[in-house]
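What follows is a short report on a single structure.
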Amino acid sequence: MPAPYQLGPNQYGKAQVRLVRVDRDTPRHRVSDLSVTSQLTGDFTAAHTEGDNAHVVATDTQKNTVYAFAREGVGAPETFLLRLADHFTGSFDWVTGGRWEAEQYAWSRIPTAASPQGHDHAFVRDGGETRTALVVRDSDATTVLAGLADLVVLKSTGSEFVGFPRDEFTTLADADDRILATSVTARWRYAADAGPLDATAYDRAYEAARAAMLDAFAETYSLALQQSLYAMGSAVLDAVPEIAEVRFSMPNKHHFLVDLTPFDLDNPGEVFSVADRPYGLIEASVLRDGADSADAAWALVGGFC
Ligand SMILES: O=c1[nH]c(=O)c2[nH]c(=O)[nH]c2[nH]1
């Protein structure tokens with residue numbers, strides 16, 4: 001019996017393959033700690049409509065490929081994902097594209113009395129922040145997105161919020177000196193004509209983009225989180241010419257000055273309560289002039305406007 005309905009867009013693969021690779025060719029080891037997701041697109045209609053698995057590269061095989069490729073080294077997450085993309089689209093005619101994603105967790109060497117520069121093979125996990133990478137391929141293009149998530153930053157002054165419209169529902173007082181705090185999730189897109197970079201170039205670009213956004217957050221006298229965001233995006237584009245666009249999603253972590261007058265105490269900007277919800281959510285993209293929008297790739301990311 002012919003299938004009664006059309007199959008819509010589909011993709012499949014293995015999500016969140018946890019991978020730790022130790023580079024141990026010298027006594028000074030290096031640890032790469034990632035969670036990798038591989039999803040394939042292509043001709044998988046018969047699998048859905050008829051249960052014919054002839055085209056179904058098993059998700060288990062995709063997971064094993066991640067581990068086998070790690071035996072050769074991981075390098076930058078972007079280059080690791082590009083290797084997976086090349087492998088799956090190059091090995092199976094009917095795989096025309098896919099989505100390969102990584103989250104990378106950073107480990108620092110533990111400084112000890114004997115090794116103040118950091119131990120050779122003992123590490124401590126860095127804060128909550130993660131590095132992210134995403135490769136999206138279809139029959140027309142390969143898009144490389146890199147970024148970070150949960151980079152928590154705070155300024156204890158140098159931030160105000162005034163001049164906003166007031167209506168019958170407005171109670172917020174002008175703030176001419178407030179705490180500005182956020183948890184930055186950012187993704188940046190490499191220009192298609194930058195081509196694939198090598199692993200060290202992706203690593204350098206990551207460090208430069210991260211440093212640029214931190215510098216701009218710190219140095220911008222902020223009139224709103226929106227203005228800080230735009231300054232951070234501009235700094236990333238200034239720092240890394242290969243980046244065409246950067247998108248941010250930044251919750252405004254509100255800090256409220258506590259009224260201490262019931263206790264006969266003043267509070268000159270020193271004691272705050274922190275609310276985790278609701279929170280302002282500030283999202284925007286900052287684009288280089290003339291950059292295309294690459295909407296198809298962004299549509300697969302989610303979490304950004
Ligand atoms: O930086 C801010 N942007 C806003 O849009 C906003 N709205 C608000 O209530 N506080 C703030 N702060």
Side-chain angles (χ1 to χ4, degrees), residues 15-22 29-37 66 74-78 80-81 100-111 118-119 121-134 145-156 158-159 178-189 202-220 222 225-226 228-229 231-233 235-236 239-240 243 246-256 272-284 301-305:
Q16 307 258 351
V17 179
R18 292 286 291 113
L19 160 68
V20 171
R21 146 110 207 167
V22 180
H29 291 183
R30 283 181 21 156
V31 170
S32 304
D33 182 354
L34 299 98
S35 175
V36 178
T37 294
V66 169
V74 170
E78 294 86 351
F80 189 67
L81 300 182
W100 293 271
E101 180 159 30
E103 286 182 0
Q104 185 165 26
Y105 317 107
W107 292 85
S108 298
R109 298 179 185 288
I110 297 176
H119 198 273
H121 56 261
F123 300 85
V124 56
R125 173 92 172 252
D126 289 352
E129 174 191 345
T130 54
R131 174 174 171 176
T132 60
L134 178 71
L145 303 178
L148 48 78
D150 305 325
L151 174 66
V152 181
V153 288
L154 178 148
K155 271 171 78 113
S156 53
S159 161
R178 65 173 185 170
I179 286 183
L180 185 66
T182 186
S183 171
V184 181
T185 294
R187 297 224 192 222
W188 51 90
R189 176 169 60 85
Y202 280 124
D203 284 346
R204 272 202 311 275
Y206 176 82
E207 293 302 337
R210 181 180 183 280
M213 65 177 77
L214 286 176
D215 189 273
F217 176 81
E219 296 296 342
T220 302
S222 179
L225 188 53
Q226 286 90 330
S228 293
L229 178 158
M232 292 161 74
V236 169
V240 186
I243 295 177
V246 52
R247 293 191 181 190
F248 293 94
S249 178
M250 307 209 311
N252 191 355
K253 293 178 164 282
H254 301 300
H255 288 61
F256 299 108
F272 296 84
S273 66
V274 187
D276 68 346
R277 67 190 78 166
Y279 51 88
L281 184 58
I282 312 300
E283 300 185 318
V301 175
F304 293 90
C305 65

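Keep in mind the model is a prediction, meaning the values are calculated, not measured.
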Write down the atom of [X], the atom of [Y], and the distance for their closest heavy-atom approach.
{"X": "Gly280", "Y": "His254", "answer": "N-NE2, 3.1 Å"}
{"X": "Tyr279", "Y": "Pro251", "answer": "CD1-CB, 3.6 Å"}
{"X": "Lys155", "Y": "Thr220", "answer": "NZ-O, 3.0 Å"}
{"X": "Pro77", "Y": "Ala102", "answer": "CB-CB, 4.1 Å"}
{"X": "Ala149", "Y": "Thr185", "answer": "CA-OG1, 3.8 Å"}
{"X": "Ala209", "Y": "Val240", "answer": "N-CG2, 4.1 Å"}

Does [X] reach the side chain of [Y], with side-chain heavy atoms less than 4.5 Å apart?
{"X": "Val74", "Y": "Leu19", "value": "yes"}
{"X": "Arg18", "Y": "Asp33", "value": "yes"}
{"X": "Met232", "Y": "Val184", "value": "yes"}
{"X": "Trp188", "Y": "Met213", "value": "yes"}

Kindly write out the residues that satisfy side-chain hydrogen bond (donor to acceptor under 3.5 Å, both in side chains) with [X], not counting sequence neighbours, or none if the list is empty.
{"X": "Gln16", "answer": "Ser35"}
{"X": "Ser228", "answer": "Ser222"}
{"X": "Thr37", "answer": "none"}
{"X": "Glu103", "answer": "Tyr105"}

Just to verify, what does His29 make a ring pair (Phe, Tyr, Trp, His ring centres under 6.0 Å) with, not counting sequence neighbours? none
List the residues meeting ring pair (Phe, Tyr, Trp, His ring centres under 6.0 Å) with Tyr202, not counting sequence neighbours, and say none if there are none. Tyr190
So for atom CZ, which belongs to Arg109, do other residues, nucleotides or ligands contribute more than 12 heavy atoms lying within a distance under 6.0 Å? yes
Of the options Val152, Val153, Asn252, which is the one that meets Thr182 in a side-chain contact (heavy atoms from CB on, under 4.5 Å)? Val153
Hey, what do you get for [atom1] ([X]) to [atom2] ([Y]), rounding to the nearest 0.5 Å?
{"X": "Glu283", "Y": "Leu281", "atom1": "CD", "atom2": "CG", "answer": "4.0 Å"}
{"X": "Leu145", "Y": "Arg189", "atom1": "CG", "atom2": "CZ", "answer": "7.5 Å"}
{"X": "Phe256", "Y": "Ile179", "atom1": "CZ", "atom2": "CD1", "answer": "11.5 Å"}
{"X": "Phe123", "Y": "Arg30", "atom1": "CZ", "atom2": "CZ", "answer": "9.5 Å"}
{"X": "Arg187", "Y": "Leu148", "atom1": "CZ", "atom2": "CG", "answer": "10.0 Å"}

Taking only residues two or more places apart in sequence or in another chain, which ones pass salt bridge (charged side-chain N to carboxylate O under 4.0 Å, His left out) with Arg204? none
Salt bridge (charged side-chain N to carboxylate O under 4.0 Å, His left out) involving Arg210 - partner list, sequence neighbours excluded: Glu129
With sequence neighbours excluded, what pairs up with [X] under the side chain to side chain contact (heavy atoms under 4.5 Å, CB included) test?
{"X": "Ala239", "answer": "Ala212"}
{"X": "Ile282", "answer": "Leu225, Gln226, Leu229"}
{"X": "Ile110", "answer": "Thr112, Ala122, Val124"}
{"X": "Asp215", "answer": "Glu219"}

Report the relative orientation of the aromatic rings in Phe272 and His255; use parallel for angles under 30°, tilted for 30 to 60°, perpendicular for over 60°. perpendicular
Would you sort out whether Arg247 and Val301 count as a side-chain contact (heavy atoms from CB on, under 4.5 Å), showing the intermediate values? CA-CA 11 Å; Arg247 293 191 181 190; Val301 175; over 6 Å; no
Checking salt bridge (Lys or Arg N to Asp or Glu O under 4.0 Å) against Arg131, which of Glu78, Glu101, Glu207 comes through? Glu78
